[in-house]
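None of these values were measured; they are calculated from a predicted model.
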Amino acid sequence: MTKSKQQQEAHGIGQIEQQLNHQMEAAAEIQGRSKLDQEIKKATHRHLDQSNKLSE
């Protein structure tokens with residue numbers, strides 16, 4: 001029974017994360033993305049790209 005409860009909790013957490021992501025996307029569409037958010041996203045992708053190249 002514990003495993004079932006853990007699975008339900010994990011599923012619930014996944015649903016919450018998905019809902020928050022949808023809300024963030026909706027807010028960005030309504031308000032527009034800030035320049036700072038865009039710069040952070042670009043920097044994150046650059047960092048990930050560099051990390052991937054180093055690990056190859």
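- Separating the OG1 atom in Thr44 from the CD atom in Glu39 is a distance of 11.0 Å, to the nearest 0.5 Å.
- Each of Gln15, Gln23, Glu17 was evaluated against Gln19; a single residue qualifies, Gln23, per the side-chain contact (heavy atoms from CB on, under 4.5 Å) test.
- Using a 4.5 Å heavy-atom cutoff, the side chains of Glu25 and His22 are not in contact.
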Stepwise side chain to side chain contact (heavy atoms under 4.5 Å, CB included) test for Gln18 and Asn21:
CA-CA 5 Å; Gln18 188 176 33; Asn21 285 332; 5.6 Å; no
